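The sequence lines fix the lettering, A, B, ..., with proteins before strands; numbering per chain opens at 1. What you are looking at is a predicted structure, and each value in this text was computed from that prediction instead of being measured.
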Amino acid sequence: MQLSRFFLPILKETPKEAEIVSHRLMLRAGMLRQQAAGIYSWLPLGWRVLQKVEQIVREEQNRAGAIELLMPTLQLADLWRESGRYDAYGPEMLRIQDRHKRDLLYGPTNEEMITEIFRSYVKSYKSLPLNLYHIQWKFRDEQRPRFGVMRGREFLMKDAYSFDLDKDAARLSYNKMFVAYLRTFARMGLKAIPMQAETGPIGGDLSHEFIVLAETGESGVYCHRDVLDLPVPDETVDYDGDLTPLIRQWTELYAATEDVHDAARYEREVPEAKRLHTRGIEVGQIFYFGTKYSDAMKALVMGPDGSERPIHGGSYGVGVSRLLGAIIEASHDEAGIIWPEAVAPFRVALLNLKQGGADTDAACARLYAALTARGIDVLYDDRDERPGAKFATADLIGIPWQVLVGPKGLAEGKVELKRRADGARELLTPDDVVARLTAPVSA
RNA sequence: CGGGGCAUAGCGCAGUCCGGUAGCGCAUCUGCUUUGGGAGCAGAGGGUCGCAGGUUCAAAUCCUGCUGCCCCGACCA
């Protein structure tokens, strides 16, 4: 992508409504446009990152055996009357009417709808287990949206729903999502800690929140420091195998949100030097809720013994759009965002330090063609700007690698390769830069 | 939902107390110069001062009502 033809409305100054760093940087980097409190347009740069994050979530859901579908944003109120949540949900639910005066709502979550789909088709225990998910925009009419995408009213969420014959089987489904979440967040460069959590209006008696530690987070948390250093399973993890040891490893050390914090147990189990009380950003939450919805909505399957029984359910959410805020909170400096490679909107920023110079223009054109031909996403800054402005832009939008092409280096046949994360620079020939960036592991 | 604050050019702000030609910086456009960390000079364009009503010869400024946005708290898959 040539920057001169891209749409990247960066801001030199911070809009005054933005208080926390991720919100400020998303606005300054031209990722977001606020349309109303908690409602945003995703500008091209932000949209690219959102899609990268979404794709990682999708890949890990698929790997764990969940199956993607897509449900609508609008739902009939009748569905929610069946579960009893139409009245229970309260003013956070955005309620609307169509031209026929039928009550609709903009979905804040999809337990009812997925249960309706499930019960229409699945009649036998032989079809279980089943885990269906979608990645769709949700709406919650928050009393106080804040911090940009961290607490929006319209937000992108991955929500998965598992269906099992009994509690033991449901626990296996729960464990799969638990492990999938460990992998999902780790792939984005995040350290997300599973913590015991309240089940809230979803109901049920087993739940973990996945929390990224950050001072700007909205949740207070208590945990054992060693939980921060636990290993995340790699992509060879066998989801059909026994995940129990892995789950035990991740749950035996104390880690809880303040809502369910047990001070006595914390002090008993966690040595003083290992105690960590801080704040965090909730990026995912998993629930086992048993037969709460299958009872109310008659989602029954025939068991092996010939008797009908309600399925045991769980639901598993990831705040996809919120993750962008969490990643930036965890990875930035004074100059701007530092994207982990896995979610970066472009992998390489190619900076022509003397736009219009015959040598630099030609060298950039060759590099751009070579890198692009090898499938690398390159943002070529070909604007008629001075070097300083290009450096500032590249740093602000956080592209992992910068290739600096200027007359100084070219005199010796070299260009500079700079890593955004630590500022490390190397003088290389253009060919070596291409080789380096196409090497299998370059981080 | 309780408390606090803000609203003037695309962005950041001054002007409001004490009514009298709507300003500054950045950004934008034109020209020239400049080119390794957000350039310089010269010129130009851009505003129903959030909305509605009121007071007044005269309202960004005073009064009344409303709306939007932000922050703290409560709330929150």
Side-chain angles (χ1 to χ4, degrees), chain A residues 9-20 23-24 27-28 30 33-39 85 88-93 107-112 138 140-148 150-153 155 157-161 177 197-204 206-210 216 218-219 257 259 282-289 292-293 313-319 322 334-336 351-357 359-361 381 383-397 402-411 414-416 418 423 425 427:
Chain A
I10 58 171
L11 305 173
K12 257 189 183 173
E13 284 172 285
T14 305
K16 66 177 173 185
E17 74 264 19
E19 194 70 15
I20 68 168
H23 190 197
R24 285 204 300 262
L27 293 171
R28 286 200 51 214
R33 169 79 186 169
Q34 180 166 355
Q35 307 292 163
I39 300 179
R85 287 208 293 178
Y89 215 93
E92 268 193 30
M93 178 185 282
T109 175
N110 286 63
E111 279 83 4
E112 283 79 0
K138 304 293 187 295
R140 293 181 193 171
D141 202 356
E142 297 278 353
Q143 295 175 20
R144 189 183 162 210
R146 63 183 123 173
F147 301 152
M150 300 289 244
R151 180 167 293 279
R153 291 196 290 168
F155 58 98
M157 180 167 78
K158 184 284 300 181
D159 39 325
Y161 304 91
M177 287 292 108
E198 265 191 335
T199 55
I202 291 285
L206 175 61
S207 179
H208 286 88
E209 283 184 13
F210 286 73
T216 47
E218 291 187 276
S219 320
T257 62
D259 298 331
E282 180 198 340
V283 291
Q285 185 165 15
I286 58 179
F287 298 87
Y288 162 71
F289 49 69
K292 177 178 160 97
Y293 297 94
S315 70
Y316 314 91
V318 169
R322 175 183 286 181
E334 309 71 37
L351 309 194
N352 187 343
L353 301 184
K354 187 168 184 179
Q355 197 68 40
D359 294 346
T360 48
D361 284 6
D381 192 342
R383 295 173 302 168
D384 187 19
E385 290 284 353
R386 294 164 58 90
K390 297 194 178 188
F391 293 136
T393 298
D395 287 347
L396 173 64
I397 65 176
Q402 297 175 10
V403 177
L404 317 180
V405 179
K408 245 194 236 173
L410 277 187
K414 300 285 182 63
V415 298
E416 204 167 3
K418 177 187 157 192
R425 298 157 180 262
L427 268 177

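Across the protein-nucleic acid pair, A:D381 atom CG and B:G36 atom P stand 15 Å apart, rounded to whole Å. The NZ-P distance, from A:K390 to B:A39, rounds to 12 Å in whole Å. The separation between A:E209 atom CD and B:C76 atom C1' is 10 Å, rounded to whole Å. Taking atom CG on A:L410 and atom P on B:U35, their separation rounds to 16 Å, with Å as the unit. Per the geometry, CD belonging to A:E218 stands 9 Å off P belonging to B:C72, to the nearest Å. What separates CD of A:E385 from P of B:G36 is a distance of 14 Å, to the nearest Å. Remark: P of B:G68 and CD of A:Q35 are 16 Å apart, rounded to the nearest angstrom. Atom OH of A:Y89 is separated from atom P of B:C76 by 11 Å (rounded to the nearest Å).
For B:C6, the paired base is B:G68 (Watson-Crick or G-U wobble, both distances below 3.5 Å). Nucleotide B:G31 is matched to B:C41 when pairs are restricted to Watson-Crick or G-U wobble geometry with both distances under 3.5 angstrom. Across all strands shown, B:G54 is found opposite B:C62 as a Watson-Crick or G-U wobble partner, with both distances under 3.5 Å. Remark: B:A14 base-pairs with no nucleotide in the shown strands. Criterion, Watson-Crick or G-U wobble with two distances under 3.5 Å. Nucleotide B:A74 is matched to nothing when pairs are restricted to Watson-Crick or G-U wobble geometry with both distances under 3.5 angstrom.
Taking the P atom of each, B:U34 and B:C41 are spaced 16 Å apart, rounded to whole Å. Comparing B:A27 with B:G45, their C1' atoms are spaced 13 Å from each other, to the whole Å. For the P atoms, the distance linking B:G19 with B:C62 amounts to 9 Å, nearest Å. The P atoms of B:G15 and B:G20 are separated by 13 Å, rounded to the nearest whole Å. When the P atom is used for both B:G50 and B:A14, the distance is 14 Å, rounded to whole Å. Separating the P atom of B:A22 from that of B:G38 is a span of 38 Å, rounded to the nearest Å. Here, B:U8 and B:A60 have their C1' atoms 7 Å apart, quoted to the whole Å. Comparing B:U35 with B:A39, their C1' atoms are spaced 9 Å from each other, to the whole Å.
Salt bridge status for A:R146 with A:E218: present, with a side-chain N to carboxylate O gap under 4.0 Å.
Distances shorter than 4.0 Å separate some side-chain N or O of A:R144 from OP1 or OP2 on B:C72. Checking the phosphate oxygens (OP1, OP2) of B:C70, a side-chain nitrogen or oxygen of A:Q34 falls inside 4.0 Å. Distances shorter than 4.0 Å separate none of the side-chain N or O atoms of A:K12 from OP1 or OP2 on B:C26.
The residue A:G357 sits apart from the nucleic acid: no heavy atom pair falls under 4.0 Å. Heavy atoms of A:E17 sit under 4.0 angstrom from primed sugar atoms or phosphate atoms, though from no base atom. A:T393 comes within contact range of at least one nucleobase, with a heavy-atom separation under 4.0 Å. Within 4.0 Å (heavy atoms only), A:I10 reaches at least one base atom of the nucleic acid. Within 4.0 Å of A:E282, counting heavy atoms only, lie sugar-phosphate atoms of the nucleic acid but no base atom. A:R383 comes within contact range of no nucleotide atom at all, as no heavy-atom separation falls under 4.0 Å. Among the protein residues, A:K16 comes within range of the sugar-phosphate backbone only, with heavy atoms under 4.0 Å from sugar or phosphate atoms but none that close to a base. Residue contacts shown for A:K158 are absent, as no nucleic acid heavy atom lies under 4.0 Å away. Counting any heavy atom pair closer than 4.0 Å across all strands shown, A:R425 reaches a base atom. Contact annotation for A:F147: backbone-only contact, meaning every heavy-atom pair under 4.0 Å involves sugar-phosphate atoms and none involves a base. Heavy atoms of A:I286 sit nowhere under 4.0 angstrom from any nucleic acid atom.
Closest contact between the side chain of A:E416 and the listed nucleotides B:C76, B:G36, B:A39 involves B:G36. With distances taken from any side-chain atom of A:Q143 to the nucleotides B:U35, B:C75, B:G37, the minimum falls on B:C75. Among the nucleotides B:C75, B:G37, B:U34, the one closest to any side-chain atom of A:R386 is B:U34. Proximity note for A:R146 (side chain, C-beta onward) versus B:C69, B:G38, B:A74: the nearest is B:A74.
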Could you pull out all donor-acceptor pairs under 3.5 Å where a side-chain atom in residues 9-17 of chain A meets a protein atom, sequence neighbours excluded?
none

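No donor-acceptor distance shorter than 3.5 angstrom exists from the side chain of A:D159 to the backbone of A:Y161, with no hydrogens or angles considered.
Within the model, atoms CG of A:L410 and CG of A:L404 stand 11.0 Å from one another, a figure rounded to the nearest 0.5 Å. Atom CZ of A:R322 sits about 10.5 Å away from atom CE of A:M157, to the nearest 0.5 Å.
In this model, a side-chain donor or acceptor of A:E13 finds a partner on the base of B:G25 within 3.5 Å. A donor-acceptor contact under 3.5 Å is not formed by the side chain of A:K408 with the base of B:G37.
The local environment of NZ in A:K354 is sparse, with at most 12 non-hydrogen atoms from other residues, nucleotides or ligands closer than 6.0 Å.
Taking A:F210 as the reference, A:F178, A:Y181, A:F185 meet the ring-ring contact (aromatic ring centres under 6.0 Å, His included) condition, with sequence neighbours excluded.
Nearest heavy-atom pair across A:K390 and A:Q355 is NZ-OE1, 3.1 Å.
Summary of the strand contacts: A:A18 and A:A389 both lie near RNA chain B, and taking for each the nucleotide with the nearest heavy atom, the more 5' one is attributed to A:A389. Between A:R151 and A:A37, the residue anchored nearer the 5' end of RNA chain B, judged by the nucleotide with its closest heavy atom, is A:A37.
For the residue pair A:S219 and A:E282, no side-chain donor N or O sits within less than 3.5 Å of a side-chain acceptor on the partner.
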